[in-house]
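Report on the following structure.
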Amino acid sequence: MYPDKKITIAIDGYSSCGKSTLAKALAKRLGYIFIDSGAMYRGITLYCMRHQLILDGKPLIEKIEKILPQIKLTFIYNSSSEKHDLYLNDEDVEELIRMPDVASNVSPIATIKSVREKLVAEQQKMGEYGGIVMDGRDIGSIVFPNAELKLFVTASPEIRAERRLKELTQKGIDTTFKIVLANLLERDLIDSTRKESPLIQTKDALFIDTSNLTQAAQLQLSLKYANQVLESYSDKTNC
Ligand code: CDP
């Protein structure tokens, strides 16, 4: 539609609010790359769990800082899921990083400054030419502060927990609504109160509450916003 301009779209929000589903659909419609930045934090968490670098839920920060250069994260496109799967040191860990034990440990790991610096640098490199939709917690504030479109997505905690429970149950993971809700509330608290790049809604982000919106409606609304931005560039070109 506006072939020359490829914008950057930053989607932030609370855990399990449907950001990744929306980001993936939006990227597909626009022909952009979709990157789930949370997968990268989950990948580092899995590595730390495997190497006993988390003790009673507390990350061993100094040790983690030392081993960070040994962690190689790569995204490889999976044509059946139409998204990029995460590889940790060349091992496909896409399924493992979605497990509840990783979800329980990821937010403390994501508070570590050196972890964030490593991942933010990699994320910025992935987006240096635009044409990307990235979702996470600090995408509009830190990773791409100049993104042409920023969305801040949320939904009520109960709805988010129901959606995540459904996803986990479909994968055959045995858990309960109560456990899932407790995990997402705990992560919301850590993510929004941490010192290093906490989850915030930036002033220029558009707010979307997905509680009562179908996935199709969320996509339509976001596409409308994206097209408005793209149209503003085509107007500039025509002047
Ligand atoms: O899918 P869900 O919303 O449950 O979470 P996620 O996007 O996979 O992110 C997992 C965790 O990684 C979050 O709870 C944050 O602690 C951390 N994260 C972050 O700090 N910054 C990001 N840009 C993305 C994720």
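Counting starts at 1 for both ligands and their atoms, in listed order. Predicted model, so just to flag it, every value in this text is computed and none were measured.
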By number and element, which atoms of ligand 1 are closer than 4.0 Å to a non-hydrogen atom of Asp138? 21 (N), 22 (C), 23 (N)
Tell me: protein heavy atom nearest atom 17 (C) of ligand 1, and distance? Ala110 CB, 3.7 Å
Which atoms of ligand 1 have any heavy atom of Ser37 under 4.0 Å away? 22 (C), 23 (N), 24 (C)
Nearest-contact summary for atom 10 (C) of ligand 1 - protein heavy atom, Å: Arg187 NH1, 3.5 Å
Would you mind running through ligand 1 and noting each atom that sits below 4.0 Å from a heavy atom of Asp191? 13 (C), 14 (O), 15 (C), 16 (O)
I'd like to know whether CD of Gln228 has more than 12 heavy-atom contacts from other residues, nucleotides or ligands below 6.0 angstrom. yes
Does either side chain, that of Glu94 or that of Tyr87, offer a donor lying less than 3.5 Å from an acceptor on the other one? no
Give me the ring orientation class for Phe152 and Tyr14: parallel if the planes are under 30° apart, tilted from 30 to 60°, perpendicular past 60°. perpendicular
Which of Asn183, Thr45, Asp191 passes side chain to side chain donor-acceptor pair (under 3.5 Å) with Ser107? Answer is Asp191
Which ligand 1 atoms does Gly136 reach within 4.0 Å, using its non-hydrogen atoms? 22 (C), 23 (N), 24 (C)
Just wondering, do Ser141 and Gln201 contact through their side chains at under 4.5 Å, heavy atoms? no
Protein heavy atom at shortest distance from atom 7 (O) of ligand 1: Arg137 NH1, 3.2 Å
Heavy atom of Arg164 under 4.0 Å from ligand 1? yes
Residue from Lys171, Arg163, Arg164 passing salt bridge (charged side-chain N to carboxylate O under 4.0 Å, His left out) with Glu167: Arg164
Would one find an N or O of Arg42, backbone or side chain, under 3.5 Å from an N or O of ligand 1? yes
Suppose we measure from atom 21 (N) of ligand 1 to each protein heavy atom; which comes out shortest, and what is that distance? Arg116 NH2, 3.0 Å
Ligand 1 atoms nearer than 4.0 angstrom to some heavy atom of Ser15 are 3 (O), 4 (O)
Take atom CD of Glu128 as the centre, draw a 6.0 Å sphere, and report whether it contains more than 12 heavy atoms from other residues, nucleotides or ligands. yes
Ligand-side contact atoms (ligand 1) for residue partner Gly38, heavy atom cut-off under 4.0 Å: 6 (P), 7 (O), 8 (O), 9 (O), 24 (C), 25 (C)
What do you reckon, does Lys19 put a non-hydrogen atom under 4.0 Å from ligand 1? yes
Ligand 1 contact by Arg194, heavy-atom criterion under 4.0 angstrom: yes
Under 3.5 Å, is there a donor-acceptor pair linking the side chains of Arg42 and Ser37? no
Which of the ligand 1 atoms, numbered from 1, are nearer than 4.0 Å to a heavy atom of Ser16: 2 (P), 3 (O), 4 (O)
Considering the heavy atoms of Tyr41, write down every atom of ligand 1 situated less than 4.0 Å from one of them. 12 (O), 18 (N), 19 (C), 21 (N), 22 (C), 23 (N), 24 (C), 25 (C)
Give a yes/no verdict on a cation-pi contact between Lys5 and Tyr233, requiring under 6.0 Å between NZ or CZ and the six-membered ring centre and an angle within 45° of the axis. yes
Would you kindly say whether Arg137 and Tyr41 are connected by a side-chain donor-acceptor distance under 3.5 Å? no
